[in-house]
Amino acid sequence: MLKLTMAGLAGLCLAACASQPLDHDLLRLHAERNCRVRAAVSPAYAVDSTGIGLRNVAFDRCMRAAEIAKAR
């Protein structure tokens, strides 16, 4: 009986995963949130002519990577 219940739950999980894909806007929001966290955790700053960079470029780099991965 336990095996049958587990098989049924696994089937339901697989059916849920095979449902319609997420909305494009929702995927972009998830990517933006993920990139903001990555940028806060491991910042990368652009160096300007003074040798000091104040602009965090980690977010831009992450978003470009997310767009490339999405296009594949």
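Residues take their numbers from the sequence shown, with the count starting at 1. Every value quoted in this text rests on a predicted model; they were computed, and no experiment measured them.
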My understanding is that a hydrophobic cluster links ILVMFWY residues whose side chain heavy atoms are under 4.5 Å apart, including indirect links. Using that, what else belongs to the cluster containing Val37?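 For the cluster that includes Val37, the remaining residues are Val41.
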Quick one: hydrophobic cluster around Met63, which other residues, with the 4.5 Å side-chain cut-off, linked directly or via members?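 Other cluster members: Phe59.
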Rounded distance [0.5 Å steps], CZ in Arg61 versus CZ in Arg64: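 Taking CZ in Arg61 and CZ in Arg64, the distance rounds to 7.5 Å.
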Contacts table for residues 29-36: side-chain donor-acceptor under 3.5 angstrom, sequence neighbours left out:
{"from": "His30", "atom 1": "ND1", "to": "Arg33", "atom 2": "NH2", "distance (Å)": "3.2"}
{"from": "Glu32", "atom 1": "OE2", "to": "Arg28", "atom 2": "NE", "distance (Å)": "3.3"}

